[in-house]
There are 2 protein chains.
Amino acid sequence: MVYRRTKKVNQRLEARLQAIMQAAREEFARNGFYGTSIKDIARRAGVGIGTIYLYLRNKEALFAALVNEAYEMVLDRIARARKNATGGRQKLQASMEAALAVLQENRDLARVMLVQSPAGHPAVAEQLYDLLRRLARLVEEDVLEGIARGELPPQDAHIAALAFVGTFYQVVISWLKEGIPADLTAAGKELIAYNLRGLGYPVEGVIENA
Amino acid sequence: MVYRRTKKVNQRLEARLQAIMQAAREEFARNGFYGTSIKDIARRAGVGIGTIYLYLRNKEALFAALVNEAYEMVLDRIARARKNATGGRQKLQASMEAALAVLQENRDLARVMLVQSPAGHPAVAEQLYDLLRRLARLVEEDVLEGIARGELPPQDAHIAALAFVGTFYQVVISWLKEGIPADLTAAGKELIAYNLRGLGYPVEGVIENA
DNA sequence: TGAAGAATTGAATTACCGTTCATTACATGA
DNA sequence: TCATGTAATGAACGGTAATTCAATTCTTCA
């Protein structure tokens, strides 16, 4: 044997993989799964078509890797934020801020996951709904905790959790598609107030008895 | 000229068009734009492949016609509901109930528009976002009216409107994908309360000052 | 009834794109 | 340097499915 990978080569391979992933992130974010061809990604990454298949099984695996990246990122960030919070209300607030921050920092990835993944292969599309379901479950737990402590009025915690997640989803979609609000985390303040009021937490700004 | 369409033929043509549209509604609702072939639709409608092209320009036009049907239906139903309501709060409530009712009555069409259209051609996908934008605009007007009358606290009406629409979207998606809630209009009551509280309307169930 | 035109059909055409693989270029170290 | 293996490449392949159109069937009415 007269050839063994040297460190330099390993670095080049790693850099190439990253170039391909980055090119895919940009292309898929802009043009979606079916609107992006392997050729497009190869061109943007500056590699040959066949090269992509040395690094990833196929087009779907490439797309799925990106969606999964976004999925893990959001869940991970939220989980860490919740560690430092106690009580339903604080956990909710920390989760919301963490989610908006991580999306704002990774716009392309957010587009791939939230806007383009439903247009991909069904198996991949499911991951978005799975993320939303998991987020809703977290919210539901917090709501149930709030009700148990008497901080919240009795209510259908499942519906409330869906509503809660829905507000974020819609605002993020608007941010991704129209650029409004321009600053996602700033808009988050309004959004948090809306949801805390919606759940029944006392928040300043409510006008007493009409 | 020895042939002129008779009434009977016109009826057959109309019935065929409807059969094709209905078949497309069912296939697209279940399998999405890319997961449905013209052959599938033709088979379900009981016509030849070529026949479909006598009635509709192409696959995209067929899909777009369905999305447009849903779009018009929802807007029309909401517009009529709002006619009989006065004041921001009542208009909001009437709109919400109308939207949920019309979706519940047309589940396949709702699936095509809300679940499958994002997966279709970009031009068609835009229509869903356009609908959501228009609904948000209606909500925003009502919120501004509420603020002007002093019934609502000052707030970012645009964010509130997005949040409002988002709660409905999420619950409807859950209903379409998982069948939960089983009864959409029943769940609407919770949802309406959530949003009215979120906006700042006084609603029973808020716990005073923690 | 049969000539004229309309409606229907599905096999053939066409276009597209993901994937493969024979070939070339590169890297290693004896 | 060169023998040996690795990495990279893109033309060619293959499968899929939308769309077309020549041939057929149906409808009308003189």
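All values below were derived from every heavy atom in this structure, side-chain atoms included, with hydrogens, water molecules and symmetry-related copies excluded. Each chain gets a letter, A, B and so on, in the order the sequences are listed, and its residues count up from 1.
If you take CD1 of A:I38 and C1' of C:dT20, they are 13 Å apart, rounded to a whole angstrom. Atom CD1 in B:I52 sits roughly 17 Å away from atom C1' in D:dC21 (whole-Å rounding). As a whole-Å value, the separation of B:L62 CG from D:dA18 P is 11 Å. For the pair B:I20 CD1 and C:dA7 P, the computed distance is 13 Å after rounding to whole Å. As rounded to whole Å, 16 Å separates atom C1' of D:dA7 from atom CD of A:E14. In this structure, A:R5 atom CZ and D:dA7 atom C1' are separated by 9 Å, rounded to whole Å. Regarding A:D40, its CG atom lies at a distance of 13 Å from the P atom of C:dC16, rounded to whole Å. In this structure, the NZ atom of A:K7 is 20 Å from the C1' atom of C:dG29, given to the nearest Å.
The side chain of B:K59 lies closest to D:dT19, out of D:dT6, C:dG18, D:dT19. Nearest to the side chain of B:I49, among C:dT8, C:dT19, D:dT20, sits D:dT20. Side-chain proximity of B:T51 to the nucleotides C:dG10, D:dT28, C:dT9 is greatest for C:dT9. Nearest nucleotide to the B:N58 side chain, out of D:dT27, D:dT19, C:dC17: D:dT19. The side chain of A:S37 approaches C:dG18 more closely than any other nucleotide in the set C:dT9, C:dG18, D:dA8. If you check C:dG18, C:dA7, D:dT6 against the side chain of A:Y53, the one that comes closest is C:dG18. Here the side chain of A:T6 is nearest to one of C:dT19, C:dA27, D:dA17, namely C:dA27.
A:R43 comes within 4.0 angstrom of nothing in the nucleic acid, heavy atoms only. Residue B:R57 is out of contact with every strand shown, counting any heavy-atom pair closer than 4.0 Å. Counting any heavy atom pair closer than 4.0 Å across all strands shown, B:Y55 reaches sugar-phosphate atoms only and no base atom.
Remark: the backbone N or O of B:L184 is paired with a side-chain donor or acceptor of B:Q104 at under 3.5 angstrom. The backbone N or O of A:G32 lies less than 3.5 Å from a partner atom in the side chain of A:T36, making a donor-acceptor pair. In this structure, the side chain of A:S174 does not engage the main chain of A:Q170 through any donor-acceptor pair within 3.5 Å.
For the pair A:R89 and A:Y201, the cation-pi criterion (under 6.0 Å, within 45° of the ring axis) is fulfilled.
Nucleotides of DNA chain D nearest to B:F33 and B:K8 differ in position, and the one nearer the 5' end is that of B:F33.
Look at B:R12 and you won't find any side-chain N or O under 4.0 angstrom from OP1 or OP2 of C:dA7. Side-chain nitrogen and oxygen atoms of A:R16 include none within less than 4.0 Å of the OP1 or OP2 phosphate oxygen of D:dA7. Here B:R4 does not reach the OP1 or OP2 of C:dA6: none of its side-chain N or O atoms lies under 4.0 Å away.
Looking at A:N31 and A:Q116, their side chains never bring a donor and an acceptor atom within 3.5 Å of each other.
Other residues, nucleotides and ligands contribute only 12 or fewer heavy atoms inside 6.0 Å of the CZ atom of A:R30.
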